[in-house]
Amino acid sequence: MHGLEGRLVVITGASRGIGAATAVAVAARGGDVVLLARGRESLDAVAARVRERGVRAWVIPVDLRVDVDAKAAAEAVLQIGVPDVVVANAGHSIARGVLECVERPDSYTRSMGVNFLGTVAFCGPLLAAMVHRNSGHLIGVTTATARIPLPGWGPYVASKAAFDAWLRAAGPELAASGIHVTISRPALVDTGMVVRRRERSRRGVAPERIADQLVGAMLRPRPEISPWWVRPADVASAAAPHTVARLVWAVTRRRAP
Ligand SMILES: NC(=O)c1ccc[n+]([C@@H]2O[C@H](COP(=O)([O-])OP(=O)(O)OC[C@H]3O[C@@H](n4cnc5c(N)ncnc54)[C@H](OP(=O)(O)O)[C@@H]3O)[C@@H](O)[C@H]2O)c1
């Protein structure tokens, strides 16, 4: 099983969950991997699993909420090489309703920091280098709920919607420079992100399944990877936003905070 030999794949949020599974899947296809997240020990453990597959792995610890650190991490990546693929996967979900955020306004700054602002600050220098080379691929992981109202999750869906919109704007802009942009919008995935809320979660798919989708997109770039129901839900939401919002609230309120 090969296809990514000699390719340099940069993955944020690679210390666990979807990012770690993607790193191992890329290694199984022969790709070299740069792993980023905050947790150095977890990154080292994933790097060891990657190297077992006979490829190279580098670890760059970074807190993407800190703008200057995000940019410095991108420069550190470029010291290794110009990436062939950047998987902007790091994310943090805060399930907090509007009124709870009154006392916790940091819910918004923390969510925007990692899910949007720090991520695009990190991607910027890498995209510039890929544009200069005239080839590359950016894969952004948003969420199936980036375009559908999800009451009780304002900070998360707002920050993911910002990243999703940015990716949609970036796609055509960068295509002229030989850069592919793919948006991955997973629904529920069984990672630490949802296990922390296990009591109100349904069963999701395995992170390895999303990793396989991301590797599939690396081998054959496509504009988006979404569950089948995202597009009809998006159309319904555009046609009848208040009805859809009320319906989603009625269905999810038992699980909402
Ligand atoms: N799980 C789901 O149901 C689901 C559904 C839709 C979309 N997604 C998206 O999929 C992506 C991966 O999520 P996951 O499910 O694999 O969750 P996860 O297991 O919690 O992994 C999140 C990753 O992001 C990193 N991260 C968090 N905050 C960071 C920060 N400030 N700076 C740098 N890295 C940071 C974490 O590492 P450290 O803590 O070590 O920094 C970790 O590697 C996220 O963008 C998430 O929003 C997940």
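Numbering of ligands and ligand atoms starts at 1, following listing order. Computed over heavy atoms, backbone and side chain alike; hydrogens, waters and symmetry mates excluded.
For ligand 1, the atoms closer than 4.0 angstrom to any heavy atom of V114 are 28 (N), 29 (C), 30 (C), 31 (N). Applying the 4.0 Å criterion to heavy atoms of G91 picks out, from ligand 1, the atoms 22 (C), 24 (O), 27 (C), 44 (C), 45 (O). Within the listing of ligand 1, atoms 3 (O) sit less than 4.0 angstrom from a heavy atom of L188. Within the listing of ligand 1, atoms 16 (O), 19 (O) sit less than 4.0 angstrom from a heavy atom of G17. Remark: ligand 1 atoms within the under-4.0 Å shell around heavy atoms of D63 are 30 (C), 31 (N), 32 (N). Interface of K160 with ligand 1, defined as ligand atoms under 4.0 Å from a residue heavy atom, comprises 44 (C), 45 (O), 46 (C), 47 (O). Applying the 4.0 Å criterion to heavy atoms of R65 picks out, from ligand 1, the atoms 31 (N). Heavy-atom proximity to S15, at under 4.0 Å, picks out these atoms of ligand 1: 36 (C), 37 (O), 38 (P), 40 (O), 42 (C), 43 (O).
Residue L4 is tested with V55, D84, L219 for a side-chain contact (heavy atoms from CB on, under 4.5 Å); the sole match is L219. For the pairing with I80, the side-chain contact (heavy atoms from CB on, under 4.5 Å) check across I60, V10, D32 returns one residue only, I60.
Geometrically, ligand 1 and G39 share a nitrogen or oxygen pair separated by less than 3.5 Å. The shortest N/O to N/O separation between P186 and ligand 1 does not fall below 3.5 Å. For a threshold of 3.5 Å applied to N or O pairs, the pair formed by T191 and ligand 1 contains at least one separation below that value. Taking only nitrogen or oxygen atoms, main chain and side chain alike, A144 does not reach within less than 3.5 Å of ligand 1.
Once rounded to the nearest 0.5 Å, the distance linking CD1 of I148 with CH2 of W229 reads 5.0 Å. Within the model, atoms CG of L167 and OG1 of T182 stand 9.5 Å from one another, a figure rounded to the nearest 0.5 Å. Taking OG from S107 and CH2 from W153, the interatomic distance works out to 12.5 Å, rounded to the nearest 0.5 Å. Here the CD1-CD distance, from I94 to E100, works out to 11.0 Å after rounding to the nearest 0.5 Å. For the atom pair CD1 (I18) and OG1 (T191), the distance works out to 6.0 Å, reported to the nearest 0.5 Å. For the atom pair NE2 (H92) and OG (S159), the distance works out to 9.5 Å, reported to the nearest 0.5 Å.
Comparing V189, T119, T143, N89 against atom 2 (C) of ligand 1, the shortest heavy-atom distance belongs to V189. If you check each of S111, A21, A90 against atom 26 (N) of ligand 1, the one with the closest non-hydrogen atom is A90. The heavy atom nearest to atom 16 (O) of ligand 1, considering only D190, I210, I18, D69, is found in I18.
Nearest heavy atom pair, residue V114 against residue T119, reads O-OG1, 2.6 Å.
Contacts between A14 and ligand 1 below 4.0 angstrom, taking non-hydrogen atoms only, involve the backbone exclusively. In V62, the part holding a heavy atom less than 4.0 Å from any atom of ligand 1 is the backbone. Neither the backbone nor the side chain of A20 comes within 4.0 Å of ligand 1, counting heavy atoms alone.
Heavy-atom distances between G204 and ligand 1 stay at or above 4.0 Å for every pair. Using a 4.0 Å heavy-atom cutoff, A187 is listed among the residues neighbouring ligand 1. Using 4.0 Å as the threshold, T142 has a heavy atom nearer than that to some atom of ligand 1.
Classification of the H180-H137 ring pair by plane angle, with boundaries at 30° and 60°, yields perpendicular.
With contacts defined as side-chain heavy-atom distances shorter than 4.5 Å, the pair V24/R53 qualifies.
Under the 4.0 Å criterion applied to side-chain N and carboxylate O atoms, R168 and D164 are assigned as salt-bridge partners.
Judged by distance alone, the side chains of R16 and S42 never bring a donor and an acceptor atom under 3.5 Å apart.
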